[in-house]
Amino acid sequence: MNQNEFKKRRKTLMQQIGEGNIALIASASNHVRNRDVEFPFRQDSDFYYLTGFSEANSLAVFIPGREQGEYILFCQEYDEKKALWEGAHAGLEGATTHYQADDSFPIDDMGDILLGLLENKSKVYYPMGRDGELDHQILEWINHLRRQSRNGVNAPGELVSLEHILHEMRLFKSSAELKLMRKAAEVSCQAHFRAMQTCKPGMYEYQVESEIVYEFMQQGLRAVAYPSIVAGGKNACVLHYVENKDKLKKGDLLLIDAGVECEHYASDITRTFPVSGKFNTAQKKLYQLVLDTQYAALEQIKPDLPWNKAHDVSVEVITKGLVELGLLKGRISKLINDEKYKQFYMHRIGHWLGMDVHDVGDYKLDDEWRLLEPGMVLTIEPGLYIPKDCMTVDAKWRGIGIRIEDDVLVTKQGHEVLTQSLIKEIDEIESLMQIN
Ligand code: GLY
Ligand code: MN
Ligand code: MN
């Protein structure tokens with residue numbers, strides 16, 4: 001992503017913080033896996049959103065109106081030995097030249113310099129409660145300044161959540177962000193397509209997962225947005241099944257929930273299809289109900305409709321469908337009121353999607369579900385999960401788990417499904433799988 005995009009974001013943030021105040025945010029940390037091996041590093045999304053900087057041990061500071069420069073980046077100094085072992089890093093010079101910080105300092109000097117920067121500021125914006133060490137550090141700096149009040153130094157009087165401003169910004173995607181989200185979505189579509197083409201009875205779930213990961217990596221995207229769920233048969237009824245270890249049986253459905261990340265932007269797709277390529281009658285009926293529910297929910301994705309409308313509609317369609325199929329019995333309005341659908345549809349219709357798979361942003365404003373606006377991206381993912389031991393339904397329904405999930409952009413006219421290219425109609429899936 002072009003550095004100007006990050007610059008624009010910083011400008012917007014500074015305008016909201018206002019002169020006389022300061023904001024700071026730390027990078028993610030490296031985590032040791034064992035001895036000298038670390039877990040793969042993933043930058044903190046908020047930090048990356050404002051800096052585009054992918055190194056650990058960094059801290060960004062924003063001081064609107066500061067004459068010597070409004071954006072300060074603390075990072076690791078360039079170290080030849082480190083470069084030899086671990087590869088390139090920006091160093092202080094790269095922080096200003098490439099990442100456009102107005103000033104850069106060694107992270108080890110952070111304490112002394114920050115004390116000076118915090119002096120006489122009114123509010124300190126930072127992500128409260130996320131990094132215990134930073135929380136503690138900030139309070140220490142403030143206490144230190146308080147002790148100097150007799151020297152005419154004013155300590156900041158207010159600590160404010162930075163997330164509130166930042167997450168509202170992140171909720172609305174720019175065209176540069178959408179470009180990355182489209183790429184992530186498209187590569188994930190291709191990975192799911194590959195899985196459908198390859199799947200055969202007798203394969204193991206992890207072998208299908210390997211086809212997904214193969215496609216991600218072949219296309220240059222190495223990070224999954226979340227651990228892939230590859231769940232055959234009754235495993236699909238475990239919502240966060242990630243063991244992916246069982247053998248796939250003819251006659252079972254396979255639920256795959258997998259998405260890749262492109263430059264820190266996520267995709268999140270679920271498809272469910274028959275291991276053998278052909279749905280049986282019960283599977284077909286439940287699948288069609290989930291698909292009809294998804295279409296009905298998608299109709300509710302347009303500007304000025306409340307976020308929750310799609311969920312409410314999904315509950316109505318699913319409850320009505322379950323009554324028609326005989327899995328629920330009773331009056332539809334009462335079943336909805338009593339939340340009887342929850343034994344088979346226990347999650348919500350979707351979530352915001354962006355740098356994080358369950359992305360940031362408020363779902364309610366002043367206690368009311370917020371209205372959809374162009375630029376928001378969300379998932380629409382109804383599902384039905386009939387536990388294997390559910391004795392209140394006919395045996396033919398038991399152990400079936402189905403979810404269909406797409407990524408959706410709210411547009412001025414309505415919406416655009418970013419994952420449109422991946423098939424989901426029963427006949428499309430069956431014909432694709434018959435060819436193979
Ligand atoms: N893959 C996580 C979710 O669908 O919410
Ligand atoms: Mn999702
Ligand atoms: Mn998902």
Side-chain angles (χ1 to χ4, degrees), residues 42 45 170-171 173 180-182 184-196 205-206 208-209 211-213 215-216 221 223-232 235-244 253-262 264-273 287 290-291 293-295 297-298 300-301 307-308 310-311 313-315 318 342 344-361 363 372 376-385 401-410 415-424:
R42 164 60 158 78
S45 296
R170 278 178 54 188
L171 181 55
K173 274 65 180 180
L180 300 177
M181 293 194 75
R182 284 180 206 284
E186 189 45 40
V187 172
S188 297
C189 285
Q190 289 169 20
H192 277 263
F193 192 78
R194 187 184 175 87
M196 281 182 205
E205 291 166 341
Y206 52 77
V208 180
E209 183 182 14
E211 298 292 336
I212 299 251
V213 173
E215 191 66 37
F216 292 166
L221 304 183
V224 288
Y226 53 91
S228 307
I229 297 169
V230 181
N235 291 343
C237 297
V238 179
L239 291 186
H240 292 155
Y241 175 81
V242 288
E243 288 171 280
N244 303 352
L253 293 180
L254 175 60
L255 181 154
I256 301 181
D257 185 346
V260 79
E261 206 174 76
C262 177
H264 300 83
Y265 284 85
S267 55
D268 183 8
I269 305 182
T270 309
R271 286 293 184 271
T272 311
F273 57 88
Y287 185 91
V290 177
L291 190 56
T293 305
Q294 203 211 25
Y295 287 134
L298 281 168
Q300 310 308 318
I301 304 303
W307 149 258
N308 203 43
H311 182 71
V313 166
S314 74
V315 165
I318 277 192
K342 276 198 176 168
F344 306 124
Y345 173 40
M346 57 295 280
H347 56 73
R348 294 188 58 80
I349 190 66
H351 49 82
W352 304 133
L353 182 70
M355 298 186 81
D356 301 335
V357 62
H358 292 172
D359 207 31
V360 296
Y363 291 90
L372 296 174
M376 293 171 163
V377 180
L378 46 92
T379 66
I380 291 293
E381 49 176 306
L384 276 174
Y385 316 88
I402 297 166
R403 179 164 64 255
I404 305 171
E405 174 175 32
D406 282 295
D407 302 345
V408 187
L409 164 69
V410 184
H415 68 258
E416 178 194 337
V417 179
L418 302 176
T419 43
Q420 183 70 38
S421 72
L422 183 58
I423 57 172
K424 58 185 171 187

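Read the numbers this way: they start at 1 and go in the same order the structure lists the ligands and their atoms. Heavy-atom basis, side chains included; hydrogens, waters and symmetry copies ignored.
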**Study point:** pair Glu381-Asp268: side-chain heavy atoms closer than 4.5 Å
**Key:**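 Contact flag for Glu381/Asp268 side chains = yes.
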Check your understanding: For the side chain of Thr379 and the backbone of His351, is there at least one donor-acceptor N/O pair under 3.5 Å apart?
Key ->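 Judged by distance alone, yes, a pair lies under 3.5 Å.
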Exercise for review: Report yes or no: does Arg271 contribute a side-chain atom to a donor-acceptor pair with the main-chain N or O of Ala195 at less than 3.5 Å?
Suggested key: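 Not confirmed, Arg271 side chain does not pair with Ala195 backbone.
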Practice item. Give a yes or no on whether a salt bridge exists between Asp356 and Arg170, defined as a side-chain N under 4.0 angstrom from a carboxylate O. Key: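 Between Arg170 and Asp356 there is a salt bridge, with a charged N closer than 4.0 Å to a carboxylate O.
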Practice item. Anything protein N, O or S sitting under 2.8 Å from the Mn ion (ligand 2): count it and give me the total. Key: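 Those protein atoms number 4 in total.
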Review point. Can you say whether the rings of Tyr363 and Trp352 are parallel (under 30°), tilted (30 to 60°) or perpendicular (over 60°)?
Key: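 Rings of Tyr363 and Trp352: parallel, as their planes differ by under 30°.
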Practice item. Would you check if there is a donor-acceptor pair between the side chains of Tyr206 and Glu243 at a distance under 3.5 Å? Key: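 Looking only at side-chain atoms, Tyr206 and Glu243 do not form any donor-acceptor pair under 3.5 Å.
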Review point. Can a donor-acceptor pair be found between the side chains of Thr293 and Tyr345 at a distance below 3.5 Å?
Key: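 Their side chains do not contain a donor-acceptor pair, so the 3.5 Å distance test is not met.
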Point to revise | Set of residues that line ligand 1, where lining means a heavy atom lies under 4.0 Å from it | key: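 Ligand 1 is contacted, at a heavy-atom distance under 4.0 Å, by Tyr226, Asp257, Asp268, His351, His358, Glu381, Glu405.
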Review point. Under the ring pair (Phe, Tyr, Trp, His ring centres under 6.0 Å) test, which residues partner His415, sequence neighbours left out?
Key: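 His415: no ring pair (Phe, Tyr, Trp, His ring centres under 6.0 Å) contacts found.
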Check your understanding: By side-chain hydrogen bond (donor to acceptor under 3.5 Å, both in side chains), which residues pair with Asn244, not counting sequence neighbours?
Key ->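 Counting only residues at least two positions away or on another chain, Asn244 forms a side-chain hydrogen bond (donor to acceptor under 3.5 Å, both in side chains) with Glu209.
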